[in-house]
Participant: 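This is the structure I want to talk about, given as structure tokens.
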Protein chains: 2
Amino acid sequence: MSSPSVETVPDLGRCDHCAVRHQAVCGALSDQELSRVNQLARRRTISAGQIIMSDEDPVEFFANVVSGVIKLTKTLVDGRQQIVGLLFPPDFLGRAFSTSNPYFAEAATDVEICCFAHDGFERLLKEYPDLEHRLFEKTLNELDSAREWMVLLGRKTAEEKVASFLLLLARRAAVTGCSHASAALLPTFQLPLTRSDIADYLGLTIETVSRQITRLKTTGIIKLLDNRLFVVPDMDALAKIAGQELPPVH
Amino acid sequence: MSSPSVETVPDLGRCDHCAVRHQAVCGALSDQELSRVNQLARRRTISAGQIIMSDEDPVEFFANVVSGVIKLTKTLVDGRQQIVGLLFPPDFLGRAFSTSNPYFAEAATDVEICCFAHDGFERLLKEYPDLEHRLFEKTLNELDSAREWMVLLGRKTAEEKVASFLLLLARRAAVTGCSHASAALLPTFQLPLTRSDIADYLGLTIETVSRQITRLKTTGIIKLLDNRLFVVPDMDALAKIAGQELPPVH
DNA sequence: CGACATGTTGAACCTCATCAACCGACGTGG
DNA sequence: CCACGTCGGTTGATGAGGTTCAACATGTCG
């Protein structure tokens, strides 16, 4: 397992080549600490559609999202469903300090995660306050996002909802910097969700989502290279349609 | 200020008589630590309708809610508003680890809060991991609530929304145990919000809220002693209408 | 090739928003 | 003291935005 190395250099194992090593919660850890985490961690690959955690099960593990997208969903007794969160790399999956899961976690695309056993990880949180602090900050950001989404769900029109969602992805793509298309550096991204998932994320039906997308397409706000590959020629135009929140300055 | 006492007994000052001393984040602190917090804290009384924090201002302070109800709101440029959270005692107000406020905080009723200066409190968080941990747990609970509300906003009907809201208050009243009415111990509570606030919380209009309340009244699911005082004769019936989430057991 | 999943489009319907009138309570000033 | 305006709430009539139901297109996999 461990390569023959000078003993002062900790064995980081897979963590050493991990794509999200510094952005994930692990970023809080020193090399020494990370080598311990490494022994606790287990990579898993999950194909699209698989359920990762169920609200029927107790919390069994936590995980970092390494690649792909995970959707967190809640369901009413009659089957109505709502996506209450999307996890991208390097987000963290799992409800700390609770024995029960408050939602379903399902792979929206093929997904790679790095899992930690429940007990071991909670012990780690106790031992490394920096780790807990990092997780806390991530949680605060999630809370901010959730509340922004509440505005969308409660007050925005179908067109604004779809535009907001596309804007979210376009901005992510702009930051991540991976423009798939050669198209002169215009924000371009791959849809990670089906129409059905988008509907569940926006509190709409599939049909309405489809109609709004074709509308944005015909008005030229967006372009589709194929059914899943989007280009946004004018981010400001899209942002305008998305119905922005009150800016901080009055 | 400090009463002449044996020096081994820390001066808890107002904290000693504080109604939320043990439930609020302060519950994480020893008497020694609390006596220090006490010097940092300042009680404030705020009348209904006053703005406590604006998203236009930087984060200036944090606070414990001691009595009353605070609403957290977000607004779109054209004035559409959404309440993204309600704070009851002993909830915590303020976004830690950020220089800007993500929302408005407004007193829904007359409110008593216990304020801490921003810098002093963040220093305290660093020094007392237990305090930060407690705040973390509160944040996790807020996130759970926010996500539950997303299901309501995205997927529930007007009737279910109103019923869910009343159920929320009725359950709170049942726990807090303060039944205002002599009515044979039926869950009874005072509405802390105007119809307009309720509408902003549920993503509806005032008119729809009003109509749904009268509907629940005429079907006997709820009774009104006056415009603000509600009685729930049958919690299960109300819960049924509220459209429960999928129970943990399949 | 047929079966199935994903997505699009059309037509009818319905829930909820909108606009408007009205009510009672309250406070204020002439 | 009463007229007046305001505020919170209720009720009615109307219509638009989105859902529902249904048909069809497209792509994929055995």
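Throughout, protein chains are lettered first and strands after them, A, B, ... in sequence-line order, and every chain is numbered starting at 1.
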Participant: Only counting residues at least two apart or in another chain, list the ones meeting ring-ring contact (aromatic ring centres under 6.0 Å, His included) with A/Phe92.
Facilitator: A/Phe62, A/Phe121
Participant: Which residues satisfy the side-chain hydrogen bond (donor to acceptor under 3.5 Å, both in side chains) test with B/Lys74, sequence neighbours excluded?
Facilitator: A/Glu245
Participant: Below 30° counts as parallel, above 60° as perpendicular, anything between as tilted: where do the rings of A/Phe165 and A/Tyr201 land?
Facilitator: perpendicular
Participant: Which residues satisfy the salt bridge (charged side-chain N to carboxylate O under 4.0 Å, His left out) test with B/Asp197, sequence neighbours excluded?
Facilitator: B/Lys71
Participant: Give the rounded distance in Å between these two atoms: CD of A/Gln212 and C1' of D/dG18.
Facilitator: 9 Å
Participant: For nucleotides 25-30 of chain D, list the nitrogen or oxygen atoms of the protein found under 3.5 Å from its nitrogen or oxygen atoms, one pair per line.
Facilitator:
none

Participant: Which distance, rounded to the nearest 0.5 Å, do you find between the CG of B/Leu140 and the CG of A/Leu143?
Facilitator: 9.5 Å
Participant: For residues 100-108 of chain B, tabulate all N or O donor-acceptor pairs below 3.5 Å that involve a side-chain atom, not counting sequence neighbours.
Facilitator:
none

Participant: Does B/Arg43, at its CZ atom, have more than 12 non-hydrogen atoms belonging to other residues, nucleotides or ligands within less than 6.0 Å?
Facilitator: yes
Participant: Looking at residues at least two apart in the chain, or sitting in another chain, which of them share a salt bridge (charged side-chain N to carboxylate O under 4.0 Å, His left out) with A/Arg155?
Facilitator: B/Asp200
Participant: Name every donor-acceptor pair, under 3.5 Å, that has one atom in a side chain of residues 225-236 of chain A and the other anywhere in the protein, sequence neighbours excluded.
Facilitator:
{"from": "A/Asp226", "atom 1": "OD1", "to": "A/Arg228", "atom 2": "N", "distance (Å)": "2.6"}
{"from": "A/Asp226", "atom 1": "OD1", "to": "A/Leu229", "atom 2": "N", "distance (Å)": "3.1"}
{"from": "A/Asn227", "atom 1": "OD1", "to": "A/Arg195", "atom 2": "NH2", "distance (Å)": "3.4"}
{"from": "A/Arg228", "atom 1": "NH1", "to": "A/Leu191", "atom 2": "O", "distance (Å)": "3.2"}
{"from": "A/Asp234", "atom 1": "OD1", "to": "A/Asp236", "atom 2": "N", "distance (Å)": "3.1"}
{"from": "A/Asp234", "atom 1": "OD1", "to": "A/Ala237", "atom 2": "N", "distance (Å)": "3.2"}

Participant: How close or far is atom P of D/dG9 from atom CG of B/Leu204, stated in whole angstroms?
Facilitator: 15 Å
Participant: Who pairs with A/Arg95 by salt bridge (charged side-chain N to carboxylate O under 4.0 Å, His left out), at least two apart in sequence or on another chain?
Facilitator: B/Asp144
Participant: Pick from A/Asn64, A/Ile52, A/Leu87, A/Val66: which one makes a side chain to side chain contact (heavy atoms under 4.5 Å, CB included) with A/Ile113?
Facilitator: A/Ile52
Participant: Sort and list the pairs that fulfil salt bridge (charged side-chain N to carboxylate O under 4.0 Å, His left out) and have at least one residue in residues 210-222 of chain B, not counting sequence neighbours.
Facilitator: B/Glu159-B/Arg215
Participant: Does the protein touch nucleotides 21-28 of chain C at the base, only the backbone, or not at all? Give it as B, S and - per nucleotide, heavy atoms under 4.0 Å.
Facilitator: --------
Participant: Take atom CG of B/Leu202 and atom P of C/dT15, then tell me their distance rounded to the nearest Å.
Facilitator: 18 Å
Participant: Whole angstrom is fine here: how far is it from CD1 in B/Ile198 over to C1' in D/dT10?
Facilitator: 14 Å
Participant: What's the CG-P distance between B/Asp197 and D/dC7, to the nearest Å?
Facilitator: 15 Å
Participant: Cation over ring, B/Arg172 on B/Phe88, under 6.0 Å and within 45°?
Facilitator: yes
Participant: When you measure from every atom of DNA chain D, which of residues 152-160 of chain A have a heavy atom less than 4.0 Å away?
Facilitator: A/Thr157, A/Ala158
Participant: With a 4.0 Å cut-off on heavy atoms, is B/Gly49 in touch with a base, just the backbone sugar-phosphate, or nothing at all?
Facilitator: nothing
Participant: Could you list the protein-to-nucleotides 7-11 of chain C atom pairs, N/O on both sides, closer than 3.5 Å?
Facilitator:
{"from": "C/dG7", "atom 1": "OP2", "to": "A/Arg195", "atom 2": "N", "distance (Å)": "2.9"}
{"from": "C/dT8", "atom 1": "OP1", "to": "A/Arg195", "atom 2": "NH2", "distance (Å)": "3.2"}
{"from": "C/dT8", "atom 1": "OP2", "to": "A/Arg195", "atom 2": "NE", "distance (Å)": "2.8"}
{"from": "C/dT8", "atom 1": "OP2", "to": "A/Ser210", "atom 2": "OG", "distance (Å)": "2.8"}
{"from": "C/dT8", "atom 1": "O5'", "to": "A/Ser210", "atom 2": "OG", "distance (Å)": "3.2"}
{"from": "C/dG10", "atom 1": "N7", "to": "A/Arg211", "atom 2": "NH1", "distance (Å)": "3.0"}
{"from": "C/dG10", "atom 1": "O6", "to": "A/Arg211", "atom 2": "NH2", "distance (Å)": "3.3"}

